[in-house]
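All values reported here derive from a predicted model rather than from experimental measurement. The figures that follow rest on heavy atoms only: side chains count, while hydrogens, waters and symmetry mates do not.
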Amino acid sequence: MASEKEIKEIYENGMNILEDLTNNVQEIQEQVLQEILKSNAGTEYLSRFFPNGEADNQSFKTNVPIITYEDIKPYIDRIANGETSSILLAYRIIQFLLSTGTSGGQPKLIPMTAESFEKRMSDLLLSDLVTRKCFSGSDEGKSLYLYFIKPEMETPSGLKASFFTTFYFKTESFKNGLAKFCTSPIDTILCLDNKQSMFCQLLTGLLQRDEVVRFGSTFASVLARTIKFLEDYWRELCCNIRTGYISDWIIDPGCKNAMSLILTRPNPKLADSIQQIFEDKSWEGIIVKLWPKIKYIHCIITGSMSQYVSLLEFYGGGIPLVSPIYNSSESSFGINLKPLSKPFDVSYTFLLNTAYFEFLPVGKDGEGKTQETWTDDEPVDLANVKLGRYYEVVVTTLAGLYRYRVGDVHKVTGFRNKSPQFQFVERRNVVLSIDVDKTTEEDLSKAIMKAKLILEPLGIMLTTCSSYADTSLTPGRYVLFWELKMKGRNDLPKLDAKIMEQCCCIVEESFDFTYKSHRKGGAISALELRVVKHGTFDELMDFYVSKGVSVAQYKPPSCLKSEEAVKILNSGMVGKFFSPKTMF
């Protein structure tokens, strides 16, 4: 793991490192591929593509096919069942990472080596360096970062499998690095009971409220859940501070021990000041009221997390939202070199020493819809992507992924020196499909963003949403689930049928030509909007967490595939509305 000396070197020379990485694009990328081939060309998987034993960069691009997880899964399964990792890569696998995607209903297992972990750590440190340089004084206080773990799985080989955050929070790199600047004691982060963990992390954050200069988590969805938790437990948190005693239901030994060292005496004065903030009629800006020295909110707010932007802007009182880095279980991709960018303007700059990147050109039709058909175009390397074009990223890593389609579509938005900058556009899949119509996550997100604009002047916030294709009837229809609340209050807004029907219409009008033509022809029924009560999406999150999803990495599904999940949202329904039967 990274030593303190290496960490110090990155912080001291970070900007020079960034300049080198973004200038020598072609040279660095070719060196990365050469390093991968030098190490791994003799493995069972790769050697069959080099019958003459000549594993140079060009023969790799010519002979090795572009693959998905299903193509490499047999090799990963063999390793997980006890065979040597050398069938796929030369380096020793120290852990499998669980991907949020699935294969046959099971989490994907992504190999991780000590070397690949070090590369990830370098990217995290560089990202942190860039962010801190934008905010004076952010080095002088503490971070209230809400972090959580999930139980590890153990494969028959003895190798463990977990989400990256679970692995990272247990490393000495975290304990001797970032953890030292967090308000949360390490034992509260490592508590497997997410409710006890959340309570204790928030309690320690409130006890140190005058020292907190950074607030955040991994994803925006975790912070949305944090707001809901504060709404439910603020009185109890204040009571603990006032009396100096932790609640009886906090029974985790690590949490109890950690809190006994922090919650050492009654503090009625602090409890009263915090209670006064919570009792305010409006919670607008409550994050900065509770922690008045906060410089920024730190979390991923792009992609599916963008639905939480307005909520965090409201509760954050306008302090900057920083989306620092873009990565996946398969690889790190890039960091945000302009932390002060508005959430919907965020671009990430590729870091070239992490993996070898190729890009499959993705077409856009006249409506701006991503084509779902496989492109016949050859992939291009990182030095040859074009401004304004859309690409699906393909990665080759030291950890055993070769020309692997991650599934993310990016738009090239600019360049830092010679390194491309990109916006995440969508996960390359169809989230809603009826008949021949295929609606992507990007299409759906844009449509909902337009529709919610008519609610904002009424003081109504769309806090979370999801969807599913209801094919139980013929013709089928798309169904949206929206959780709404009044700004600053948990009150359910009065639902005006005309306004809600207008939202339905705006969503449908935003869809593409194929949808509209099938809707007009009667092949698709009117869109349905189901409004659910406040807290219903928390129940949905609890459901997925109970199935093994990490709280820290939970992403609300854009489209529901599980009947149980649909039932949970339906159980919280307080109103439903439809577009007119005839449109277009």
Side-chain angles (χ1 to χ4, degrees), residues 14-36 57 60-61 66 119-120 122-124 126-127 129-131 134 300-303 306 322-328 330-364 368 370-371 375 377-398 401-428 442:
M15 300 314 291
N16 291 331
I17 293 172
L18 281 172
E19 286 301 305
D20 290 341
L21 288 177
T22 55
N23 264 311
N24 306 314
V25 172
Q26 190 69 34
E27 180 183 348
I28 293 174
Q29 279 284 276
E30 292 299 321
Q31 288 174 353
V32 168
L33 183 55
Q34 287 172 9
E35 180 187 357
I36 293 170
N57 288 12
F60 172 85
K61 299 173 191 177
I66 293 173
K119 289 183 181 293
R120 285 176 179 268
S122 295
D123 291 354
L124 287 171
L126 283 172
S127 172
L129 171 66
V130 170
T131 301
C134 288
I300 303 300
I301 50 171
T302 52
S306 62
V322 175
S323 194
I325 195 166
Y326 182 83
N327 55 30
S328 70
E330 293 83 3
S331 174
S332 292
F333 293 98
I335 64 175
N336 180 4
L337 296 182
K338 296 181 178 179
L340 292 173
S341 298
K342 296 295 184 183
F344 294 103
D345 296 329
V346 169
S347 288
Y348 302 96
T349 301
F350 272 98
L351 295 180
L352 314 179
N353 62 340
T354 303
Y356 179 71
F357 298 104
E358 297 174 274
F359 300 85
L360 289 167
V362 175
K364 290 273 177 175
T370 301
Q371 296 172 1
T375 175
D377 293 334
E378 288 296 315
V380 299
D381 59 29
L382 193 141
N384 291 303
V385 297
K386 304 298 182 185
L387 182 66
R389 298 283 184 87
Y390 294 80
Y391 298 93
E392 180 182 356
V393 68
V394 176
V395 298
T396 297
T397 71
L398 269 171
L401 301 180
Y402 309 107
R403 307 196 88 188
Y404 179 94
R405 295 177 67 184
V406 178
D408 292 355
V409 175
H410 301 144
K411 178 183 179 181
V412 178
T413 56
F415 295 87
R416 168 65 179 259
N417 297 324
K418 296 180 181 179
S419 181
Q421 297 174 313
F422 67 93
Q423 287 183 337
F424 171 76
V425 177
E426 63 185 54
R427 175 64 67 167
R428 184 147 168 81
E442 180 189 19

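The closest side-chain donor-acceptor pair between Y356 and D381, if any, does not fall under 3.5 angstrom. A side-chain N or O of T302 and one of Y348 form a donor-acceptor pair less than 3.5 Å apart. Residues D123 and T354 bring a donor and an acceptor atom of their side chains to less than 3.5 Å of each other. Side-chain contact annotation: Q423 with T413, donor-acceptor N/O pair under 3.5 Å absent.
Contact record, G388 with K411: O-CE, 4.1 Å, taken as the closest heavy-atom pair. In terms of heavy atoms, V25 sits closest to T22 at CG2-O, 3.8 Å. Nearest heavy-atom pair across P420 and L382 is CD-CD2, 3.2 Å. Closest non-hydrogen pair, S127 versus I325, comes out as OG-CB, 4.1 Å.
Put simply, the side chain of D408 does not reach to within 4.5 Å of the side chain of E392, judged on heavy atoms. At least one side-chain heavy atom of I66 sits under 4.5 Å from a side-chain heavy atom of L360. Here the side chains of V395 and F357 are in contact, with some heavy-atom distance below 4.5 Å. When side chains are defined from C-beta on, H410 counts as touching F424, because their heavy atoms get closer than 4.5 Å. Using a 4.5 Å cut-off on side-chain heavy atoms (C-beta onward), K338 and C134 make no contact. No side-chain heavy atom of V412 sits under 4.5 Å from any side-chain heavy atom of Q421. Between S306 and I301, the closest side-chain pair of non-hydrogen atoms is not below 4.5 Å.
If you take CG on L351 and OG on S419, they are separated by 7.0 Å, rounding to the nearest 0.5 Å. With rounding to the nearest 0.5 angstrom, the CG atom of L337 is 3.5 Å from the OG1 atom of T349. Put simply, CD on Q34 and CG on N57 are 5.0 Å apart, with the number rounded to the nearest 0.5 Å.
Around the CZ atom of R389, the shell of radius 6.0 Å holds no more than 12 heavy atoms that belong to other residues, nucleotides or ligands.
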Please walk me through it: do Y326 and N336 pass side-chain hydrogen bond (donor to acceptor under 3.5 Å, both in side chains)?
CA-CA 8 Å; Y326 182 83; N336 180 4; over 6 Å; no

Audit row: R416, E19, side-chain contact (heavy atoms from CB on, under 4.5 Å) steps and yes/no
CA-CA 9 Å; R416 168 65 179 259; E19 286 301 305; 2.6 Å; yes

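Using a distance-only test at 3.5 Å, with no hydrogens or angles considered, a donor-acceptor pair links the side chain of Q29 to the main chain of L352. When atom types are taken as modelled, the side chain of K119 and the backbone of N353 share a donor-acceptor pair closer than 3.5 angstrom. In this structure, the side chain of Y391 engages the main chain of K386 through a donor-acceptor pair within 3.5 Å. Using a distance-only test at 3.5 Å, with no hydrogens or angles considered, no donor-acceptor pair links the side chain of N384 to the main chain of V380. A donor-acceptor pair is defined here as one N or O able to donate and one able to accept, closer than 3.5 Å; no such pair exists between the side chain of S331 and the backbone of A355.
A salt bridge (Lys or Arg N to Asp or Glu O under 4.0 Å) check over residues 26-36, counting only residues at least two apart or in different chains, returns the pairs E30-K61.
The ring pair (Phe, Tyr, Trp, His ring centres under 6.0 Å) test with F359 singles out one residue from F350, F422, Y390, F333, and that residue is F350.
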